[in-house]
There are 2 protein chains.
Amino acid sequence: MSEVYAARRDRVRERCAAGGGAAALVSRAANVRYLAGAAPHGAVLLVGKDEDVLLCGRPPSDQQGEGRPDEALRMQVLAAPGADPAVAGAGLAAAQGAETLAVEEHDLTVARHRALGSVAPRLRLLDLGTAVEQLRLVKDEEEISCLRIAAEIADQALGELLESILVGRTERHLALELERRLVDHGADGPAFPTSVGTGPHSGRSAHRPSDRRVEEGDFLSVCLGASYRGYRCEIGRTFVIGTSPADWQIELYDLVFAAQRAGREALVPGAACRDVDRAARHVLDSAGYADGLAPLTGHGVGLEIDEDPQLAPAAMGKLDVCVPVTVEPGVHLPGRGGVRIDDTLVVRPEADGGPELLTITTKELLAL
Amino acid sequence: MSEVYAARRDRVRERCAAGGGAAALVSRAANVRYLAGAAPHGAVLLVGKDEDVLLCGRPPSDQQGEGRPDEALRMQVLAAPGADPAVAGAGLAAAQGAETLAVEEHDLTVARHRALGSVAPRLRLLDLGTAVEQLRLVKDEEEISCLRIAAEIADQALGELLESILVGRTERHLALELERRLVDHGADGPAFPTSVGTGPHSGRSAHRPSDRRVEEGDFLSVCLGASYRGYRCEIGRTFVIGTSPADWQIELYDLVFAAQRAGREALVPGAACRDVDRAARHVLDSAGYADGLAPLTGHGVGLEIDEDPQLAPAAMGKLDVCVPVTVEPGVHLPGRGGVRIDDTLVVRPEADGGPELLTITTKELLAL
């Protein structure tokens with residue numbers, strides 16, 4: 001792996017040089033992990049002129065789920081408790097003779113940025129912008145296999161839940177049980193707070209589980225994900241409780257299913273992100289559900305659960321091969337509930353069979 | 001409650017005026033909740049010249065555990081998806097005729113701060129600093145009663161765990177069961193990630209639960225907390241597994257217990273924070289455990305689990321009445337394990353019986 005991290009850091013160095021910068025200070029945790037293999041709490045990475053240094057406030061421990069730092073990287077643990085690694089990094093950059101330092105202005109607070117300036121007053125601070133996030137967009141096969149394992153774990157946890165008795169249990173309990181099962185199957189932890197919505201809560205995106213209990217005839221929608229070696233996937237399914245779904249439930253499910261399939265089928269290399277969104281959204285719009293749709297029908301996943309690209313009406317950019325995204329249209333009818341279907345897929349060339357579906361739990365309407 | 005929030009906002013207005021500012025934009029979530037009663041995801045609070053406005057990216061829902069907004073407050077939900085409420089707030093301040101706006105430079109990123117400047121170029125941006133955090137230091141009785149309930153919930157969850165079979169179960173399972181019980185007893189959720197350490201992991205602060213199973217003769221240390229109406233408490237206890245603790249375990253436990261008691265007894269109004277730290281630390285130092293002690297022996301709690309004051313050797317400031325803090329010294333012997341004892345207490349006048357202990361689970365060494 002070490003060469004992989006070194007190569008990624010070299011690409012950051014190139015971006016810096018192109019921007020007239022000598023060194024870069026990476027502070028956003030997911031970016032630090034991407035470039036250093038680990039992101040101990042509060043650590044920052046100096047991509048320096050002579051050498052790269054991972055600066056930590058405390059010794060890293062993979063047991064904290066933060067990953068193992070690239071051995072090829074010099075690590076510096078700050079002695080003073082509460083010292084800001086970013087400030088130390090700026091001092092180190094200046095000591096290395098750098099005249100400019102590119103920082104992540106979308107991550108550093110104004111107060112920290114000022115502290116950097118005062119520790120190294122001769123250092124000109126530039127903006128690295130989202131250069132590292134852009135490098136993270138296209139995943140390598142190593143990253144994709146972590147996402148694949150994360151998806152397998154989520155599928156397993158969900159499958160086991162479906163075999164248990166659901167009626168009478170609260171949304172909170174079901175969510176906690178799913179999170180326990182994710183960990184049982186080897187996840188670092190949940191990729192995001194597990195969402196379980198029953199009856200009138202079903203179909204809401206990011207519904208926070210309540211004490212409502214599952215009842216006969218409910219829609220039950222579940223959205224969960226595992227984090228595996230820092231990589232986060234997402235799966236969402238909607239079920240109906242009881243022997244036979246009502247007609248409105250079947251119609252609504254078929255509609256959202258059609259929208260989600262349209263989105264999945266639009267995931268071809270070079271497709272505009274907004275066109276993928278439109279493919280899914282159009283199905284719901286034309287059925288009269290234009291109002292109250294979520295602003296996104298999908299988003300990228302990786303070291304963060306919600307990263308670029310965005311699948312939204314105003315999104316810019318096109319999809320590249322090896323970009324993992326969610327496709328997650330949904331409809332929620334206030335007071336009645338709704339349906340949400342959410343998969344994580346990887347954009348692949350059509351010659352290779354098109355998008356790779358990572359979350360393989362069935363999307364038939366199951367009556368539980 | 002509404003008057004309470006209004007009074008808090010008036011104090012912020014006074015601080016602004018004293019600093020030459022006309023209006024303040026509060027962005028840090030815990031500060032927004034303190035002043036507005038709720039902190040919907042990403043919401044910011046404009047403490048304005050004419051009126052105060054809570055700006056949200058999406059409609060608030062108490063079901064999200066974010067609290068109910070003060071009804072006396074005007075709420076503005078932004079139409080455009082992805083719009084930054086802070087930018088909208090700056091625009092609104094300018095529209096209200098403010099010439100200056102105090103912002104939380106320790107919370108706003110450089111990029112957001114620049115966006116504020118460009119939406120309202122005539123507005124002079126000042127630094128509000130940690131003015132709101134300072135207001136939050138001393139709690140009112142309403143806040144303390146939320147902390148008291150949070151502590152009761154944590155005591156209940158811990159008490160129930162102690163009645164169950166522990167040997168053979170993993171740290172991860174025990175932590176997840178504790179978090180489930182917190183929710184069962186009415187917590188919004190855990191106040192922080194529950195820590196369970198067995199054997200060689202015991203006594204580590206913020207140990208992230210692993211797959212190690214509880215064994216006969218282990219120390220078992222547990223640290224958990226509940227969040228209730230946003231207020232977070234903390235309790236930590238260490239137990240020994242099996243019928244009879246080893247001599248080294250008894251000695252180490254008695255030592256940490258003595259240190260923790262010394263810290264608790266030092267919690268008198270007007271005491272210097274560093275003296276409280278020294279009281280606890282000295283007991284461990286003089287027993288030869290100076291090295292490897294945590295930088296803090298305690299910290300404030302409230303709407304955040306780790307807020308001011310800090311109980312540390314270099315801490316400034318004194319303790320006031322009605323300041324809740326943790327007292328949590330510990331010793332960890334690499335490879336062997338250790339002991340950590342952690343209570344949440346409220347500083348009270350000696351006339352009222354001294355510090356109020358919120359976490360009442362016994363601190364005897366229990367053999368389970």
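Sequence lines set the chain letters: A, B, ... in the order given, protein chains first and strands last, and positions in each chain run from 1.
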Say whether Asp127(A) and His106(A), considering side chains only, have a donor N or O and an acceptor N or O under 3.5 Å apart.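 Judged by distance alone, the side chains do not pair up.
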Ignoring hydrogens and angles, state whether a donor on the side chain of Ser164(A) or Arg169(A) is under 3.5 Å from an acceptor on the partner side chain.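 Yes.
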Against chain B, label Asp211(A) side chain, backbone, both or neither, depending on which of its atoms sit under 4.5 Å from a heavy atom there.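 When you check distances to chain B, no heavy atom of Asp211(A) falls under 4.5 Å.
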For chain B, find which of His113(A), Arg172(A), Glu177(A) contributes the most heavy-atom pairs closer than 4.5 angstrom.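 Heavy-atom pairs under 4.5 Å are most numerous for Arg172(A).
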Among Asp107(A), Thr170(A), Val103(A), which residue forms the greatest number of heavy-atom pairs with chain B at distances under 4.5 Å?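 Ranked by heavy-atom pairs under 4.5 Å with chain B, first place is Asp107(A).
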Polar side-chain atom of Arg232(B) near backbone of Ala191(B) as donor-acceptor pair, under 3.5 Å: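 Yes, Arg232(B) side chain to Ala191(B) backbone: donor-acceptor pair under 3.5 Å.
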N/O donor-acceptor pair under 3.5 Å between Glu179(A) side chain and Pro190(A) backbone: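 Here the side-chain-to-backbone pair does not exist.
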Among Arg114(B), Glu104(B), Arg112(B), who wins on heavy-atom pairs under 4.5 Å with chain A?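 Highest number of heavy-atom pairs under 4.5 Å: Arg114(B).
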